[in-house]
S.K.: 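What follows is a structure written as structure tokens; I'll ask about it next.
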2 protein chains.
Amino acid sequence: MTEPKKRGAYAKGTAKREQILQQAIEVFGRFGFHATSMREIAKACGLSQAGLLHHFPTKEALLLALVEEREHNQEVSIHHETLPWAEAFYERMLQNMENEALTRLWANLVGEATDRKHPAHEYFLERYAKIREEFAVIMASNSPVTDEDRLRATLLIAIWDGLQTQWLLDDTFDMREPFQYAMKLLSQKPIDR
Amino acid sequence: MTEPKKRGAYAKGTAKREQILQQAIEVFGRFGFHATSMREIAKACGLSQAGLLHHFPTKEALLLALVEEREHNQEVSIHHETLPWAEAFYERMLQNMENEALTRLWANLVGEATDRKHPAHEYFLERYAKIREEFAVIMASNSPVTDEDRLRATLLIAIWDGLQTQWLLDDTFDMREPFQYAMKLLSQKPIDR
DNA sequence: GTCTATATTGAGATAGAC
DNA sequence: GTCTATCTCAATATAGAC
């Protein structure tokens, strides 16, 4: 769903902003946040560095705008109410595979953001806590959420991140089969010992 | 080119080298590879930047030396012959938890090394392929290795990396319980198809 | 082997013209 | 809104003294 076009200079500014965000995902995604200069992103947008800074006053501001953008998009794309959760998650993984640049940016960012002084550290901290709880609710499927559901949600997130790492490192690595195998494992309860 | 004239001089150079590598793990581990300067590492070793460069002529050379060092250490620490694999892996995870700096460096590096032009890219590519096969052999426990074993090995590595990410992001996150839960899941075959 | 001093490069950010 | 020009800072790396 696209928003109605706004008038005049504002519409143009907004469009440019979108274009910059898209390019930023590509370029940050290829080389990482720290290793990418504002000049490179500016060049990819056909702008000078100063021109880019008109839209995003600092590199950090650009990063955070990016992060919010993605946050917003992700929330739109969940439709687990209509599907069993294993299939809903699988669908979402396929979507991620189609946006390699964004996935790459994410993998890269999480690593850096591990540092407590990284500009996106707080964001990631909160985001992981949030999706652990979200996933647990989904996996509990209408029952009250148990600690075991939380454990399985934690593992699903780990598997997700971990498989993405292996894929990003090696183009020929196919996440689909291991992911589906994981869905099967997570659909069962372990046998007690 | 330069040959050690005495055992003494050589030993001192080697000791310094070791000390540098240890400090480098700490400092790179705290701030990541790109975000850490050679000066910071030099300072941690009580050296000037130029003094550090005497031992490792470039930042990249230091990184690669580090990577080989760790490679060497890891190989010594596997003793799965004496334990069921689930317990052997759990032991190894506990070891990793004790060396937070090294784990942090690794998580950080893998993200960056996703880029094909990163100095450590080749290393990580080969390393993941290698441990996938190694883990598959261990998990097959004396039977011939099947594709399903390879799938489970891939998942174990993913879980490992993924849980570490969550831990590094959040000190209060405890990997032990989810890891053990994962070991239970991976010890079973999924029902039906 | 380690230092000081410095060359060189590239980063983020600012000022002000158009 | 975008540019050129420039400031400031910090990085890697080199040269050469001790």
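Proteins get letters first, then strands, A, B, ... in listed order; numbering begins at 1 in each. What you see below is based on every heavy atom in this structure, not just the backbone, and it leaves out hydrogens, waters and symmetry mates.
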S.K.: How about B/H118 and B/F124: are their ring centres within less than 6.0 Å of each other?
M.R.: no

S.K.: Indicate whether OP1 or OP2 belonging to D/dC3 is found under 4.0 Å from a side-chain N or O atom of A/S48.
M.R.: yes

S.K.: If you round to the nearest 0.5 Å, how far is CG of A/N96 from CZ of A/F179?
M.R.: 9.0 Å

S.K.: Produce a footprint string for nucleotides 13-18 of chain D: one letter per nucleotide, 5' end first; B if the base is under 4.0 Å from any protein heavy atom, S if only the sugar-phosphate is, - if neither.
M.R.: BBB---

S.K.: At less than 4.0 Å, is any side-chain N or O atom of A/H54 found next to OP1 or OP2 of D/dC3? Yes or no.
M.R.: no

S.K.: Write out all pairs satisfying salt bridge (charged side-chain N to carboxylate O under 4.0 Å, His left out) with one or both partners inside residues 156-168 of chain B, taking only residues at least two apart or from two chains.
M.R.: none

S.K.: Looking at every heavy atom in both A/A120 and A/L63, which two are closest together, and how far apart are they?
M.R.: CB-CD2, 4.1 Å

S.K.: For the aromatic rings, using the six-membered ring if either is Trp, is the centroid distance between B/F89 and B/F135 under 6.0 Å?
M.R.: yes

S.K.: Please state how far atom CZ in A/F33 lies from atom P in C/dA11, giving the value in whole angstrom units.
M.R.: 13 Å

S.K.: Between the side chain of B/Q164 and the main-chain N/O of B/A107, is any donor-acceptor distance below 3.5 Å?
M.R.: no

S.K.: List the steps, then state whether salt bridge (charged side-chain N to carboxylate O under 4.0 Å, His left out) holds for B/R30 with B/E40.
M.R.: CA-CA 11 Å; B/R30 259 201 303 281; B/E40 285 172 90; over 6 Å; no

S.K.: How are the rings of A/W106 and A/Y123 set to each other: parallel, tilted or perpendicular (split at 30° and 60°)?
M.R.: perpendicular

S.K.: Rounded to 10°, tell me the angle between the two end axes of the helix from C/dG1-D/dC18 to C/dC18-D/dG1, each built from five pairs.
M.R.: 0°

S.K.: Just how far, in rounded Å, is P of C/dT2 from CZ of B/F56?
M.R.: 12 Å

S.K.: For B/H55 and C/dG1, what is the distance between atoms NE2 and P respectively, to the nearest whole Å?
M.R.: 7 Å

S.K.: Write down the distance between CD (A/Q19) and C1' (D/dT2), rounded to a whole number of angstrom.
M.R.: 14 Å

S.K.: By nearest atom, which of the nucleotides C/dT4, C/dA11, D/dC3 is closest to the A/L47 side chain?
M.R.: D/dC3

S.K.: Given D/dA11, C/dG12, D/dC3, which nucleotide is nearest the side-chain atoms of A/S37?
M.R.: C/dG12

S.K.: Do A/K59 and A/F28 form a cation-pi contact, if we require the NZ or CZ to be under 6.0 Å from the six-membered ring centre and within 45 degrees of the ring's axis?
M.R.: no

S.K.: Does the side chain of B/H34 get closer than 4.0 angstrom to OP1 or OP2 of D/dA11 through an N or O atom?
M.R.: no

S.K.: Let me know the distance between NZ of A/K43 and P of D/dT2, rounded to the nearest Å.
M.R.: 19 Å

